[in-house]
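Have a look at the structure below, then the notes.
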Amino acid sequence: MLQQISGSIAVAEAVALCRPEVVPCYPITPQTHIVEHISTLVKSGQLKNCTYENVESEFASMSLCIGASAAGSRTYTATASQGLLFMMEAVYNASGLSLPIVMTLGNRAIGAPINIWNDHSDAMSVRDAGWIQLFVESNQQALDVHIQAFKLAEALSLPVMVNMDGFILTHAITRVDMPTQEQVDQFLPPFVPRQKLDTEAPLSIGAMVGPDAFTEVRYLAHHKQKEALSIIEQQAEEFQGIFGRDSGGLIKSYYAEDAEIVFVAMGSVIGTMQELVEELREEGHSVGILSIRSFRPFPANAIDKALANTRHAIIFEKSFAVGMGGVLASEIHMATVANDLKISSVIGGLGGRTITKKSLRKIIESAMQDELDTEVFLDLEGTTVVRELRRQQEEQNSGPVAENILRDMGVVSASKTH
Amino acid sequence: MSNQDSNTDIPCEQQTVKFYQTGTFTVGNRLLDEGCRTVQATAERANSLDSGHRACQGCGQALGARYALDAAMRATDNKIIAANATGCLEVFTTPYPETAWSIPWVHSLFGNVAAVASGIAASLKAKGDTTTRVIAQGGDGGTTDIGFGCLSGMFDRNDDVLYICYDNGGYMNTGVQRSSATPPAARTATTMPVGDNPGSSFTTGKFLPAIAMAHEIPYVATASVHDLHDLERKVEKAMTFRGARYIQINVPCPLGWGSQPALTIKLSRMGVECGLVPLFEAENGKLTDSTKIRYRIPVEDYLKLQRRFAHVLKPQNTHQLDAIRQIAEDNIKRYNLV
């Protein structure tokens with residue numbers, strides 16, 4: 001059924017259709033509307049046989065998920081940013097214990113400086129945590145991929161994180177096609193746990209593992225993620241068969257196979273890029289886009305194949321490893337190392353800065369003229385940076401960086417002179 | 001408590017039995033009717049925590065856990081799921097691939113056992129399972145320090161979990177460092193007996209039973225491993241309540257306390273008899289009962305058997321001994337121990 005709703009409500013409704021049994025939640029912007037809506041669905045009796053727990057922290061939230069999932073319940077939660085960091089220890093634990101928990105991450109920057117707006121720093125902070133990490137481009141995909149996430153998690157007995165851009169998707173009211181309960185039930189069978197705390201068949205979960213077996217346990221986690229590569233593709237096909245939509249999968253190419261210059265990115269920025277690429281192709285330029293929908297497992301072979309005919313890949317990321325650079329860029333470099341592929345890393349959209357079609361066009365035009373650097377920070381205010389660097393050189397007590405820059409840029413009226 | 005095998009018609013809880021035999025401190029299980037005897041006396045005991053684990057000699061925690069869990073099993077017709085915080089109990093019971101647990105058991109992290117147990121309880125609730133019950137267990141560090149937020153949250157939501165804290169007064173698994181349950185003046189690896197105020201500070205610490213009572217949860221109790229009958233009774237009583245319950249068990253630790261393994265039971269008893277370990281019960285935030293001290297002993301008799309307090313008994317540290325005596329006095333008044 002077509003509905004005009006926000007991304008958060010769409011996700012909450014989709015999760016409810018998946019019949020979760022335990023949903024522990026702690027509110028954090030921009031995920032709040034998801035947990036509020038599920039709370040109402042449970043409290044009003046619309047979502048039956050589900051325990052909703054309003055807990056005291058994200059650490060508790062993921063810990064309740066661990067207990068509930070180990071006890072054999074389909075379990076869901078949502079978080080973002082600082083909340084993900086606060087639950088970090090339990091995030092690793094959930095995957096280490098192979099518990100098929102599904103979690104939405106309403107992607108948001110990480111402080112300091114505190115910033116509640118969108119980027120992908122939170123998702124990247126857990127890139128080695130053993131979770132499957134999927135990214136969505138639109139609210140329709142967000143809704144669809146959550147339904148697939150439960151099936152994927154339970155097929156592999158691994159936790160799955162669905163990444164949707166905070167505000168840009170969570171708060172955007174768009175038209176979505178909400179599936180029926182019958183469709184979801186047809187796609188998603190009841191949860192049969194691989195391991196369960198059961199008084200009839202007692203077992204110990206979470207034993208100490210020493211050097212004698214730790215490598216094997218960790219290797220198996222890696223192996224399972226690689227198995228996920230084919231399962232994700234199969235499930236996307238099966239989903240299309242029932243729901244009639246292409247959602248999910250490992251990657252999505254928009255003209256990438258026959259384009260000289262290709263944008264590679266994850267999440268909602270693909271929408272902006274699509275508009276730009278349509279314009280540029282009309283102008284006769286050989287450009288395309290490769291959307292990475294599964295970041296973990298990382299579909300290296302599929303990416304390598306998709307970029308086989310590409311001359312120059314521009315990897316666009318909403319986060320970076322400080323002191324190193326673009327994470328996706330370096331992973332794509334690894335994936336395509338046998339190709340004669342030029343790679344540029346563009347970092348943009350940090351802390352919610354708008355990514356305009358105009359700025360992206362500048363990037364791609366300089367690539368066309370072979371003038372694009374290997375590392376670019378989109379729309380960086382160079383003069384502000386230089387001014388602050390000079391200040392730090394000249395004064396030992398130059399003060400807090402964030403406040404200095406805000407003052408220089410006239411963002412706030414500075415009460416303090418320095 | 002079952003009265004099936006009783007020789008008399010008097011219900012167990014009404015039988016007046018002299019537990020302590022004259023001239024000794026022995027708790028006389030055999031003075032009770034068979035059906036009223038403590039759970040370890042029966043062949044049907046669950047052996048939730050089985051033999052073959054790797055606890056130290058004289059470990060009070062292994063003893064406390066074994067009796068607490070079996071009592072809970074008896075009270076629930078063997079329907080217990082246990083969650084465990086990281087710590088001694090977790091490490092010595094489950095070195096991969098061995099396990100000493102014959103009940104469903106999960107270990108997640110150091111600081112989240114109360115929340116993991118809440119999650120299990122939430123799962124049982126969603127499935128409509130009202131017979132299976134949940135126990136969370138951890139040491140004092142995992143309870144009063146790193147796991148405190150999750151525990152308070154579990155109390156606040158009144159989740160149907162019995163939390164058992166095995167209190168040995170420090171981070172013994174990590175190498176005997178101070179926790180907020182370490183007694184004042186005690187030597188630990190982070191509070192060495194050096195300087196003007198040797199050992200742990202005389203700050204307030206955290207007496208978790210009182211904090212649990214402040215949450216007004218249905219049931220709070222303290223117990224100690226010298227009186228296993230009392231411990232079992234409190235665990236079984238806890239299982240008659242729904243909602244969040246808290247039991248703190250005093251468990252001597254030969255390694256951390258610097259005491260003889262053979263003295264674990266004696267030290268457990270002496271802690272109670274000198275007034276430093278008050279045994280009581282509370283319901284909905286109100287004290288309902290406390291165990292009277294039978295033969296009050298001076299605190300120094302208790303302290304001198306533990307190397308962690310050796311410096312307290314030196315002449316230059318009488319101010320510390322006086323302060324500890326005062327703590328015992330305050331406990332006796334506050335918890336009505338004489």
| field | A:Asp198 versus chain B, the contacting section by heavy-atom distance below 4.5 Å | value | backbone
| remark: For B:Ala122 and A:Glu53 the tightest heavy-atom approach is CB-OE2, 4.0 Å
| Are any of the side-chain heavy atoms of A:Pro202 and B:Trp101 separated by less than 4.5 Å? | no
| Considering residues, nucleotides and ligands other than A:Leu203, do more than 12 of their heavy atoms fall under 6.0 Å from its CG? | yes
| chain B heavy atoms under 4.5 Å from A:Ser204: which part of the residue, side chain, backbone, both or neither? | both
| field | chain B contact via A:Ala94 - which portion, at a heavy-atom distance below 4.5 Å | value | neither
| message | If you count every heavy atom of other residues, nucleotides or ligands that lies below 6.0 Å from B:Gln57 atom CD, does the total exceed 12? | response | no
| note | Max heavy-atom pairs within cutoff under 4.5 Å with chain B, candidates A:Glu56, A:Glu200, A:Arg74, A:Lys48, goes to A:Glu56
| query | Around B:Lys125, counting heavy atoms of other residues, nucleotides and ligands shown, do more than 12 lie under 6.0 Å from its NZ? | reply | no
| Heavy-atom distance under 4.5 Å to chain B: side chain of A:Val22, backbone, both or neither? | side chain
| task | For each of A:Ser69, A:Ser57, A:Gly72, A:Ala201, tally heavy-atom pairs with chain B at distances under 4.5 Å, and name the one with the top tally. | result | A:Gly72
| said: Quick check on the interface: out of B:Leu109, B:Thr93, B:Ile80, who has the most heavy-atom pairs with chain A under 4.5 Å? | reply: B:Leu109
| said: So which residue, B:Pro97, B:Gly111, B:Ala82, ends up with the most heavy-atom pairs under 4.5 Å with chain A? | reply: B:Gly111
| message | With rounding to the nearest 0.5 angstrom, report the CG to CH2 distance, A:Leu197 to B:Trp105. | response | 10.5 Å
| query | Contact part of B:Asp156 toward chain A, heavy-atom cut-off under 4.5 Å: side chain, backbone, both or neither? | reply | neither
| query | Looking at A:Ser63 and B:Ala115, what are the two nearest heavy atoms and their distance? | reply | CB-CB, 3.4 Å
| field | Part of B:Leu124 lying under 4.5 Å from any heavy atom of chain A | value | neither
| CD1 of B:Ile81 to NZ of A:Lys196: how many Å apart, nearest 0.5 Å? | 8.0 Å
| task | Can you tell which part of A:Glu21 gets under 4.5 Å to a heavy atom of chain B, answering side chain, backbone, both or neither? | result | both
| field | A:Leu64 side chain near B:Arg157 side chain, heavy-atom distance below 4.5 Å | value | yes
| Can you tell if the side chain of A:Glu89 reaches within under 4.5 Å of the side chain of B:Asn112, non-hydrogen atoms only? | no
| message | So for B:Ala83, is it side chain, backbone, both, or neither that comes closer than 4.5 Å to the heavy atoms of chain A? | response | neither
| request: Let me know if A:Ala213 has heavy atoms under 4.5 Å from chain B in its side chain, its backbone, both or neither. | output: side chain
| Does CZ in A:Arg218 sit with more than 12 non-hydrogen atoms of other residues, nucleotides or ligands closer than 6.0 Å? | no
| Judged by atom type as modelled, is there a donor-acceptor pair below 3.5 Å linking the side chain of B:Lys127 to the main-chain atoms of A:Ala71? | no
| field | Contact origin within B:Lys79 toward chain A - heavy atom pairs under 4.5 Å | value | both
| message | Only pairs of heavy atoms separated by less than 4.5 Å count here; which of B:Ser108, B:Ser102, B:Pro95 has the most with chain A? | response | B:Ser108
| query | Rounded to the nearest 0.5 Å, how far apart are OG1 of A:Thr199 and CG of B:Asp129? | reply | 7.0 Å
